[in-house]
Amino acid sequence: MGVDPGLTRCGIGVVDGQPGRRLDLVAVGVVRTLADQDHAHRLLAIEQGIEEWFLANRPDAVAVERVFAQHNLASVTGTSQAAGIAMLVAARHSVPVALHTPSEVKAAITGSGRADKAQVGTMVAHLLRLKEPPKPADAADAVALAICHLWRGVATNRLAEAERAARAQRRPSNPYTAQAHRGRAR
């Protein structure tokens, strides 16, 4: 499941597939909040909306757009909060979360990290055999995130698993436990 976080429109896209295999669109849409609504209640509505999508689709992984610095502090704050909510919902269900930058997603989908929204939407439609890109653009971006993670996530997950295994092998024993064992051996 891909989540394009936003306070007014939080795009969500669910894609089924594996690297090298056909991709299928499962569901796509947005969770919307009203700009004149209390900020805390907007966040609550986003959480409830993502939870509903989560329960309806039972994703194996969640890909969230990594929020980057923008000139509009209010916009980046709301976007960051929506991203955090998506991660919280995934954690609640013990589902792994990956963060991808907009450039990573664009490069994965179009081959260029500088592609515009129209190019991303066109490629999403092509990859999923759709007549037109999902609307609005936030929904198409969420689907692009899901596709990016399907394609890149396998390698990322393997790397993370290898790193965990390496750390476990070189983890020093607990010095207190080792001392207790030495004391009993005397």
Side-chain angles (χ1 to χ4, degrees), residues 1-33 35 42 46 49-50 53-54 56-57 59-90 95-160:
M1 181 166 95
V3 179
D4 181 39
L7 196 53
T8 302
R9 284 183 318 274
C10 185
I12 301 179
V14 182
V15 176
D16 187 31
Q18 293 179 0
R21 295 201 179 154
R22 181 178 143 164
L23 299 170
D24 292 307
L25 180 64
V26 175
V28 62
V30 293
V31 174
R32 296 177 190 270
T33 66
R42 292 177 83 183
I46 291 169
I50 292 173
W53 275 85
F54 211 96
N57 294 286
D60 296 326
V62 175
V64 179
E65 183 176 288
R66 182 183 303 270
V67 179
F68 58 96
Q70 297 174 344
H71 298 293
N72 184 343
L73 184 59
S75 175
V76 76
T77 300
T79 303
S80 296
Q81 291 168 340
I85 288 170
M87 291 185 272
L88 176 138
V89 172
V95 171
V97 175
L99 300 174
H100 298 284
T101 67
S103 296
E104 288 172 341
V105 175
K106 292 173 185 179
I109 301 301
T110 70
S112 170
R114 295 179 177 228
D116 62 26
K117 284 194 177 283
Q119 291 170 311
V120 171
T122 299
M123 281 306 297
V124 164
H126 174 74
L127 292 168
L128 294 170
R129 300 161 319 283
L130 305 173
K131 291 182 181 176
E132 60 183 33
K135 301 275 193 249
D138 307 281
D141 289 348
V143 173
L145 273 155
I147 294 170
C148 172
H149 187 67
L150 274 171
W151 289 349
R152 291 181 169 213
V154 172
T156 303
N157 292 344
R158 285 185 187 149
L159 179 61

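The basis for the numbers below is simple: all heavy atoms, side chains too, and nothing from hydrogens, waters or symmetry mates.
Nearest heavy atoms, G2 versus A146: N-CB, 3.6 Å. Residue A142 comes nearest to G13 through the heavy atom pair CB-N, 3.4 Å, listed as atom of the first residue, atom of the second, then distance. Considering every non-hydrogen atom in both G29 and A139, the closest pair reads O-CB, 3.8 Å. Closest approach of D16 to L150, counting heavy atoms only: C-CD1, 4.3 Å. The minimum heavy-atom distance between G78 and L7, with the atom names listed, is CA-CD2, 4.1 Å. The minimum heavy-atom distance between G11 and V30, with the atom names listed, is CA-CG1, 3.8 Å.
Contacts of R114 classified as side-chain hydrogen bond (donor to acceptor under 3.5 Å, both in side chains), with partners at least two apart in sequence or in another chain: none. Partners of E132 by side-chain hydrogen bond (donor to acceptor under 3.5 Å, both in side chains), not counting sequence neighbours: none found. Taking Q81 as the reference, H39 meet the side-chain hydrogen bond (donor to acceptor under 3.5 Å, both in side chains) condition, with sequence neighbours excluded.
The shortest distance between side-chain heavy atoms of D116 and Q119 falls below 4.5 Å. Taking 4.5 Å as the limit, every side-chain heavy atom of V3 sits out of range of all side-chain heavy atoms of F54. Counting only heavy atoms from C-beta outward, the side chains of M1 and I50 approach each other to under 4.5 Å. You'll find the side chain of L99 reaches within 4.5 Å of the side chain of M87, heavy atoms only. Using a 4.5 Å cut-off on side-chain heavy atoms (C-beta onward), V105 and D141 make no contact. Residues I147 and L128 have side chains in contact (heavy-atom distance under 4.5 Å, counting atoms from C-beta outward). Between R129 and D24, some side-chain heavy-atom pair lies under the 4.5 Å cut-off.
Under the side chain to side chain donor-acceptor pair (under 3.5 Å) rule, H100 has a single partner from R66, R152, K106, H149, which is H149.
Here CG of L23 is found 10.5 Å from NE2 of H126. Values are rounded to the nearest 0.5 Å. Rounding to the nearest 0.5 Å gives a distance of 7.5 Å between CE of M123 and CD1 of I109. Distance check: R32 CZ to D138 CG gives 8.0 Å after rounding to the nearest 0.5 Å. Atom CG in L145 sits 11.5 Å away from atom CD1 in I12 (nearest 0.5 Å). Between atom CG of residue L25 and atom CG of residue L127 there is a gap of 11.5 Å, rounded to the nearest 0.5 Å.
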Subject >> Audit row: W53, V89, side chain to side chain contact (heavy atoms under 4.5 Å, CB included) steps and yes/no >> reply: CA-CA 10 Å; W53 275 85; V89 172; over 6 Å; no
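Side chain of N57 to main chain of P59: no donor-acceptor pair is present (N/O by atom type, distance under 3.5 Å, no hydrogens or angles).
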